Amino acid sequence: MKKKQLNRKPFLKRFYHKNKGRFCLALAATLLYVAVNLAISLLMQQLIDVISGNHTIATLPQLAILAGVSIVFSVLFSLMSYLSEPRFYARAMRQYKDYVFGELTKKGISAFTGEQTSTYVSALSNDASAIEKNYLETLFPLIQNILLFVGAFSMMLWYSPLLTLAAFLLAFLPVIASMLTGKKLAVAEKAVSDRNESFMATLKDSLNGFSVIKGFKAEQAILRMFAERNRSAESAKEHRRKLSKLINGIAYFAGLTAQLGVFLIGAFLAVRGMGVTAGIVIVFVQLMNYVIRPIAEVPGILANRKSALALIDKVSEALSNNRRDDGRDIPSKLSDAIELKNVTFSYEPGKEVLHGISARFETGKSYAIVGGSGSGKSTMLNLLMASRSDYGGDILYDGTELHDIRAESLYDLVSIVQQNVFIFNSSVRDNITMFREFDKAEVDAAIRLSGLSALIAARGEDYLCGENGSGLSGGEKQRISIARSLLRKTPVLLMDEATAALDAETAYYITSSILNLDGLTRIVVTHSLDETLLKRYDRIFTLKNGNIIESGTFDELMAKKEYFYSLFTVSQA
């Protein structure tokens with residue numbers, strides 16, 4: 001099977017978007033640092049040879065002036081680095097995380113039916129920190145090390161090709177060993193990311209399900225699971241640290257071997273009078289630091305950068321799944337009807353939930369979907385919102401198959417109110433408007449129709465809802481969800497047990513208000529079999545075991561005295 005090609009370029013570009021000025025200033029500081037340090041090495045050689053009485057290219061006063069100039073430039077590059085590097089890193093990471101989150105928002109509603117949210121929590125926290133440390137913050141040290149290596153090596157060749165050859169031979173084999181070892185670091189870094197992701201998922205489940213854990217006295221079992229995930233994550237980090245230590249140890253051995261060997265060989269050449277002075281031997285030791293440091297650091301830096309790129313590839317792959325970028329736009333109004341033709345669906349292979357469902361929902365009309373628990377009502381409604389694409393048959397909006405419709409275009413046409421409501425830790429108004437601006441009259445109308453007037457009167461629109469609506473009752477959260485959908489004014493409204501958390505009087509008021517709206521196509525999954533409301537629907541579809549077994553008006557279905565009649569009669573008992 002051909003491996004999926006990942007494109008990390010858009011992610012890397014975010015580091016430099018509107019950030020090139022800071023990058024160039026930091027790069028200039030790095031170049032200046034290299035130039036000053038190489039100049040100081042040359043200066044040291046000249047000073048030592050002046051003291052030794054050897055021939056030099058400058059006098060002592062001239063060397064003193066050059067020393068002063070070097071100090072001034074060292075202050076300059078330090079200031080440039082102070083002003084540019086931290087700002088470059090901050091903007092780069094801000095833009096990178098904004099881009100990742102922006103791409104996440106482009107995924108379809110089905111994104112998390114088969115994915116873990118912890119993947120993205122980890123990508124924007126632990127993984128982002130690793131990318132910042134191992135990729136971004138190694139950029140200028142890598143450039144600095146390479147330039148110092150090239151500059152120092154060039155000066156060494158100029159001073160003594162023979163001594164330079166000896167230095168190269170002494171350092172060559174350990175460097176190769178270090179670089180080969182460094183390849184394993186990318187694998188170790190990905191393992192750390194995967195284990196952290198699993199740990200985050202366990203932590204999230206434990207906190208979200210805390211009441212269940214306490215209610216079933218499962219503390220010890222959950223603690224064991226938490227401890228196991230924690231141990232696994234820390235073991236992966238331990239392995240990565242050991243690899244880093246091994247790489248650095250090999251690099252240190254390479255540097256030490258090269259430095260001592262060059263010093264001994266240089267001393268031998270100086271004693272034999274083979275064109276090497278005391279100043280050259282000393283400067284060689286200084287230049288060897290600039291050769292050794294890259295030998296010691298660059299393999300580790302490259303390994304770290306490779307491991308960071310693996311994390312970028314990981315989030316790139318995750319973001320490429322469950323995308324609905326393709327398809328075409330459709331009008332944001334329903335002209336004719338929504339049709340389901342022989343629609344089948346399975347969550348698991350061989351276990352169909354829907355069996356050849358066919359139904360027609362005409363524009364501007366109201367439809368109720370009723371049936372027992374597990375009959376497929378919610379699944380049917382979710383498929384209309386493109387929650388899954390792996391269904392059989394056809395789902396048509398004015399004749400256009402759902403697979404061919406771009407997700408954003410579909411959401412302009414249809415909105416849904418579900419049983420499970422998420423509330424943001426923000427004000428009531430923000431949760432109704434979803435942080436967008438609307439005309440006050442429109443917001444007030446949505447508040448009135450959804451039964452939120454009493455809450456607003458008691459607490460105000462600026463009342464803070466708490467984490468996932470912890471400051472609200474279940475009914476209040478449900479009303480906010482209904483208000484959101486009404487405010488959007490999409491031509492089609494889907495409601496999945498939307499009034500289940502409400503008292504009978506409020507549920508009746510809200511459902512009646514929605515049925516009173518003109519021009520709205522309503523498809524309502526309901527458990528409440530209220531005769532007055534059911535008579536207002538243009539058609540009722542009755543589901544049983546994934547099949548539509550009856551459809552018609554309330555009076556027609558009651559006259560048949562079949563399954564719907566039984567459901568209604570039992571509900572009135």
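Just so we're clear, the structure is a prediction, and the values are computed from it rather than from any experiment.
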Determine whether the side chains of [X] and [Y] contain a donor N or O and an acceptor N or O closer than 3.5 Å.
X: Glu197; Y: Thr119; value: yes
X: Ser427; Y: Asp462; value: no
X: Arg448; Y: Ser453; value: no
X: Asn196; Y: Ser122; value: no
X: Gln95; Y: His17; value: no
X: Tyr347; Y: Thr379; value: yes
X: Arg229; Y: Ser198; value: yes
X: Ser193; Y: Lys314; value: yes

Side chain to side chain contact (heavy atoms under 4.5 Å, CB included) partners for Arg536, two or more places apart:
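Arg536: side chain to side chain contact (heavy atoms under 4.5 Å, CB included) contacts with Ser512, Leu515, Asn516.
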Pairs flagged by side chain to side chain donor-acceptor pair (under 3.5 Å) wherever residues 477-487 is involved - sequence neighbours left out:
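Sorted result for residues 477-487: Asn431-Arg484.
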If we only count heavy atoms from C-beta on, is the [X] to [Y] side-chain gap below 4.5 Å?
X: Thr490; Y: Val414; result: no
X: Arg522; Y: Ile514; result: yes
X: Leu402; Y: Asp394; result: no

Begin with the C-alpha distance, continue with both residues' side-chain angles, and end with the deciding distance and a verdict on side chain to side chain contact (heavy atoms under 4.5 Å, CB included) for Leu124 and Val315.
CA-CA 9 Å; Leu124 290 166; Val315 73; over 6 Å; no
So how far is it from [X] [atom1] to [Y] [atom2], rounded to the nearest 0.5 Å?
X: Tyr120; Y: Ser125; atom1: OH; atom2: OG; value: 14.0 Å
X: Leu567; Y: Glu550; atom1: CG; atom2: CD; value: 8.5 Å
X: Leu557; Y: Thr542; atom1: CG; atom2: OG1; value: 5.0 Å

Under 6.0 Å between ring centres, would you say that holds for Phe345 and His355?
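When the ring centroids of Phe345 and His355 are compared, they turn out to be at least 6.0 Å apart.
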Phe101 ring center within less than 6.0 Å of Tyr99 ring center
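No - the distance between ring centres of Tyr99 and Phe101 does not fall below the 6.0 Å cut-off.
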What I want to find out is whether Arg224 reaches Glu228 closely enough, with some N-O distance under 4.0 Å, to be called a salt bridge.
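Salt bridge between Arg224 and Glu228, a charged N being under 4.0 Å from a carboxylate O: no.
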Residues two or more places apart in sequence or in another chain: which of them pass salt bridge (charged side-chain N to carboxylate O under 4.0 Å, His left out) with Glu556?
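For Glu556, no residue satisfies salt bridge (charged side-chain N to carboxylate O under 4.0 Å, His left out) once neighbours in sequence are set aside.
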With respect to Phe23, which candidate in Tyr16, Phe15, Tyr89 satisfies the ring-ring contact (aromatic ring centres under 6.0 Å, His included) definition?
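Answer after filtering Tyr16, Phe15, Tyr89: Tyr16.
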Could you go step by step and tell me if Asp98 and Arg94 meet the side chain to side chain contact (heavy atoms under 4.5 Å, CB included) rule?
CA-CA 6 Å; Asp98 285 349; Arg94 184 173 74 248; 3.9 Å; yes
